[in-house]
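These notes concern the structure reproduced below.
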Amino acid sequence: MTTSYWLKNVRLETGFMKENEKVIGTKTDLFHLFISEGKISNIIRMDDQITDNFPVKDAKKLLLLPSFVEKHVHLDKTYMGEKWKSCIPAASVVERSTNESTILASLPSSTKERAEALLEVLLSYGSTHIRTHVDIYPEAKLKNLEGVQQALRTYSDKVSAEIVAFAQHGLLQTGTSQLLREAVRNGAGIVGAVDPATVDNNIEASLVELMDIAVEGNADIDLHLHDPGHLGNFTMKRLAYLTKQAGWEGRVAVSHAFGLADVSTEEAFEMAGILRDAGISIVSSLPNRRIMPIKLLDECGVNVAIGNDNIFDSWWPTGNGDVLERASRLIEHFRWTDEVSLTQILKFITGGKTTLDKEGNQLWPKIGDEASMLLIDASCSAEVIARVPKRKAVFYKGKLVHGE
């Protein structure tokens with residue numbers, strides 16, 4: 001298989017256009033990129049001639065962007081590939097989890113098959129890196145982990161992945177913490193739990209156990225935290241304290257963190273400082289019931305990512321797997337309608353990458369960058385965020401993995 005080729009007629013962003021000191025648009029130009037061994041090895045202007053004999057692919061003047069990072073999904077929970085099924089009402093997270101385990105056990109398709117079906121959808125929308133949570137509990141043991149790992153092996157030449165061994169049914173129930181340790185030994189690089197106060201009924205014991213498992217297994221942490229207001233924020237404060245005590249800064253994430261949306265701006269600002277100092281990132285699925293203070297968190301230096309979370313499963317019947325569409329919702333929440341703000345939204349779904357910084361300096365791509373990228377029919381990344389156009393071609397480490 002050829003591992004080196006030229007991608008010609010590629011549209012790249014080069015800066016901002018200004019009028020009366022105000023940004024009114026984005027400048028682009030056409031380039032040829034040399035892709036070798038999965039990386040961008042050279043970038044030349046369109047006017048420069050390609051003089052070697054390597055194969056040439058024509059990008060047809062489409063815009064090139066970094067491919068997307070799906071930071072929160074549940075490959076083991078989805079009904080993807082199954083017949084339509086709505087959600088059964090449940091009064092609590094615990095009841096929902098119990099219902100879910102019964103339903104999934106009754107489906108004719110395997111975890112592997114459903115996970116592969118969802119991976120294909122995620123890939124079609126431009127995500128080439130996936131963080132997936134996998135439920136670990138005594139009744140299922142490591143079956144979900146094994147099924148998801150099988151699916152990820154099938155797609156190993158198309159996506160990279162992180163697996164969270166996730167105590168959806170509670171970390172402190174008998175046998176679960178030992179199963180999480182076993183999951184880490186069997187390939188899960190992250191451990192997670194849910195709502196230490198309302199699911200485990202013991203914030204301190206749950207967080208300490210989670211941190212102990214992470215440190216023992218040299219694993220990262222991703223905590224689901226739906227608990228509202230001051231309860232949720234107190235939990236995050238304790239997690240931040242334990243994170244710094246263990247020296248785990250930069251290795252901890254909180255998914256959802258609804259409590260940040262329930263307190264005053266002053267309290268949210270204080271929490272943002274605590275999270276930043278502990279190196280704790282926030283992963284939001286942008287729920288409609290609460291508007292997360294993503295703008296505040298970002299301005300305070302907290303690492304923020306956007307994920308789809310539940311896609312057609314026992315928890316939520318909708319979801320199409322398009323993390324770009326999810327990120328686009330930020331426009332409505334925060335009225336980020338200007339060119340610079342729209343361009344910067346890209347970082348929430350690319351692992352922090354933007355094509356330009358706020359001053360218009362080009363940041364991506366650079367020679368040596370991994371060639372995980374996508375071609376899209378748009379004039380600039382601001383238009384991509386605002387209009388959510390179709391992805392024409394998706395590359396993973398230089399290999400075309402979706403589209404044409």
Under 4.5 Å between any side-chain heavy atoms of [X] and [Y], yes or no?
X    : Y    : value
I24  : E339 : no
N144 : L104 : no
S281 : K71  : no
K366 : I43  : no
H32  : D48  : no
M271 : V263 : no
K85  : I103 : yes
I203 : L231 : yes

Starting from the C-alpha separation in whole Å, work towards a yes-or-no answer on side-chain hydrogen bond (donor to acceptor under 3.5 Å, both in side chains) for S314 and E100.
CA-CA 6 Å; S314 299; E100 176 187 54; 4.5 Å; no
Are the charged groups of [X] and [Y] less than 4.0 angstrom apart, N to O?
X    : Y    : value
R238 : E204 : yes
E299 : K295 : yes
D369 : K353 : no
D322 : R391 : yes
R181 : E209 : yes

Working to the nearest 0.5 Å, report the span between [atom1] of [X] and [atom2] of [Y].
X    : Y    : atom1 : atom2 : answer
I35  : T3   : CD1   : OG1   : 11.5 Å
I306 : R326 : CD1   : CZ    : 9.0 Å
I280 : E249 : CD1   : CD    : 9.0 Å
L152 : L119 : CG    : CG    : 5.5 Å
I385 : I331 : CD1   : CD1   : 7.0 Å
L342 : S381 : CG    : OG    : 8.5 Å

Over 60° means perpendicular and under 30° means parallel, so classify the ring planes of F34 and W6, tilted if in between.
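Ring orientation, 0 to 90° scale: tilted.
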Parallel, tilted or perpendicular for H133 and F166, by the 30°/60° rule?
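It falls in the perpendicular class, over 60°.
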State whether the number of non-hydrogen atoms from other residues, nucleotides or ligands found under 6.0 Å of E95 atom CD is greater than 12.
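For E95, atom CD is crowded (more than 12 foreign heavy atoms under 6.0 Å).
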Does atom CD of Q245 have more than 12 heavy-atom neighbours, drawn from other residues, nucleotides or ligands, at distances under 6.0 Å?
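Buried by this count: over 12 neighbours within 6.0 Å.
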Could you go through the side-chain hydrogen bond (donor to acceptor under 3.5 Å, both in side chains) check for S160 and H129 one step at a time?
CA-CA 5 Å; S160 55; H129 182 81; 2.6 Å; yes
Identify the heavy atoms of [X] and [Y] that sit nearest to each other, and give their distance.
X    : Y    : result
D227 : P196 : OD2-N, 4.5 Å
F68  : T350 : CD2-CG2, 4.0 Å
I40  : E370 : CD1-O, 4.5 Å
V73  : E70  : CB-CG, 4.0 Å
V384 : A378 : CG2-CB, 3.6 Å

From V394, V159, D157, residue fulfilling side chain to side chain contact (heavy atoms under 4.5 Å, CB included) relative to V401:
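The option that passes is V394.
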Test of understanding: with ring pair (Phe, Tyr, Trp, His ring centres under 6.0 Å), list the residues that count as partners of H169, not counting sequence neighbours.
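Testing H169 for ring pair (Phe, Tyr, Trp, His ring centres under 6.0 Å), a comparison that skips the adjacent residues, returns Y137.
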Listed partners of W336 passing ring pair (Phe, Tyr, Trp, His ring centres under 6.0 Å), at least two apart
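Partners of W336 by the ring pair (Phe, Tyr, Trp, His ring centres under 6.0 Å) criterion, ordered by chain and then number, come out as F334.
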Would you please test H74 and D309 for side-chain hydrogen bond (donor to acceptor under 3.5 Å, both in side chains) and show each step?
CA-CA 7 Å; H74 296 263; D309 196 9; 3.1 Å; yes
Backbone N/O of K61 and side chain of R11: donor-acceptor pair under 3.5 Å
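Confirmed, R11 side chain pairs with K61 backbone.
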Do any N or O atoms from the side chain of S341 and from the backbone of T337 form a donor-acceptor pair under 3.5 angstrom?
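Checking the backbone N and O of T337 against the side chain of S341, no donor-acceptor pair under 3.5 Å is found.
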L207 and L223: side chain to side chain contact (heavy atoms under 4.5 Å, CB included), yes or no, with the steps?
CA-CA 9 Å; L207 291 179; L223 175 70; 4.0 Å; yes
Show your working on side chain to side chain contact (heavy atoms under 4.5 Å, CB included) between I130 and E162 and close with a plain yes or no.
CA-CA 6 Å; I130 314 293; E162 306 168 275; over 6 Å; no
Under the side-chain hydrogen bond (donor to acceptor under 3.5 Å, both in side chains) rule, what do S86 and W84 come out as? Steps first, then yes or no, please.
CA-CA 7 Å; S86 58; W84 161 251; 4.8 Å; no
Derivation and outcome, side chain to side chain contact (heavy atoms under 4.5 Å, CB included), residues R131 and V164
CA-CA 7 Å; R131 174 178 286 195; V164 184; 3.9 Å; yes
With side chain to side chain contact (heavy atoms under 4.5 Å, CB included) as the criterion, how do H256 and H72 come out once you've worked through the C-alpha distance, each side chain's angles and the decisive distance to 0.1 Å?
CA-CA 10 Å; H256 306 305; H72 186 136; 3.7 Å; yes
